[in-house]
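Report on the following structure.
We're numbering straight along the sequence, starting at 1.
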Amino acid sequence: LLDGHRVAGVDGQPGLRLGLDPRPHLPIWVAALGPRAVETAVRSADGWFPALAPRSQLSRWRTAAAGAGPSDCQLISGPLAFPATDVDDGREAARQLVGWYLTGMGRVYGDVVAASGFVDEVAALRAANDRPRPGSITWPAAAEPLLAELAAGDPQAGEHGGQRHGGRALDIVVEAGHVVAEAFEDA
């Protein structure tokens, strides 16, 4: 498909061909969280992004990647970043997006974060949002530790090597060979 060829259809239906120029060397990155999905991503993809991996659990994610077998797969990890000129606006944007992922996008994200040592925080967030709606997530005080684990927005974060965007820092760490940069854990 990425080479510009038509993919065969199913049950006599016409096949699919992208209406784009061929991109045979386009890297394939996979956001995976479950053990089998991580193994597949590390074995087959060019890159792996464990979305919403808590900062304090990065060593666990490193171990999961290493256990998936030898690979040239790159690992990208980092908190969600919220560029904003006002810290309170940035924190609220972080609460809304993280809260939506943990309560409104099915159970997988919340379950993974809970299994990473945040059972009570995820439970409090879910209890406060029995019918979550984007932009209207209620963020209880008991869930506040999640923000420090899953999101960034410190105006000083740019001093740690992140890219600057609108006066704020966007820190995303990319490393080859199943390693998340040690410096990121200290950020």
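- Taking 4.5 Å as the limit, some side-chain heavy atom of R95 sits within range of a side-chain heavy atom of E144.
- The two residues S136 and Q96 make their nearest non-hydrogen contact at N-OE1, 3.0 Å.
- Put simply, the side chain of D46 does not reach to within 4.5 Å of the side chain of V30, judged on heavy atoms.
- Hydrophobic clustering, with ILVMFWY side chains joined whenever heavy atoms are under 4.5 angstrom apart, keeps V119 apart from L146.
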### Task
Show your working on salt bridge (Lys or Arg N to Asp or Glu O under 4.0 Å) between R126 and D111 and close with a plain yes or no.
CA-CA 11 Å; R126 285 176 169 165; D111 288 353; 3.0 Å; yes
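- Interatomic distance, L52 CG to L102 CG, rounded to the nearest 0.5 Å: 6.0 Å.
- The shortest distance between side-chain heavy atoms of W139 and V98 falls below 4.5 Å.
- We find the CZ-OG1 distance between R133 and T103 to be 12.0 Å, quoted to the nearest 0.5 Å.
- Looking at S56 and F118, their side chains come closer than 4.5 Å, going by heavy atoms from C-beta outward.
- Between P140 and L125, the closest side-chain pair of non-hydrogen atoms falls below 4.5 Å.
- Taking every heavy atom of both residues into account, W100 and P132 meet most closely at CZ3-O, 3.6 Å.
- Counting heavy atoms from C-beta on, the side chains of D3 and P22 never come closer than 4.5 Å.
- Across P145 and A142, no two heavy atoms sit closer than the pair CD-O, 3.5 Å.
- Taking every heavy atom of both residues into account, R17 and H5 meet most closely at CG-O, 4.2 Å.
- For the pair L147 and R91, the minimum side-chain heavy-atom distance is below 4.5 Å.
- V10 and L18 fall into different hydrophobic clusters, where Ile, Leu, Val, Met, Phe, Trp and Tyr are joined by side-chain heavy atoms under 4.5 Å apart, directly or via other members.
- Side-chain atoms of W29 never come within 3.5 Å of backbone atoms of F49 as a donor-acceptor pair (strictly under, hydrogens ignored).
- Expressed to the nearest 0.5 Å, how far OH of Y109 lies from OH of Y101 amounts to 5.0 Å.
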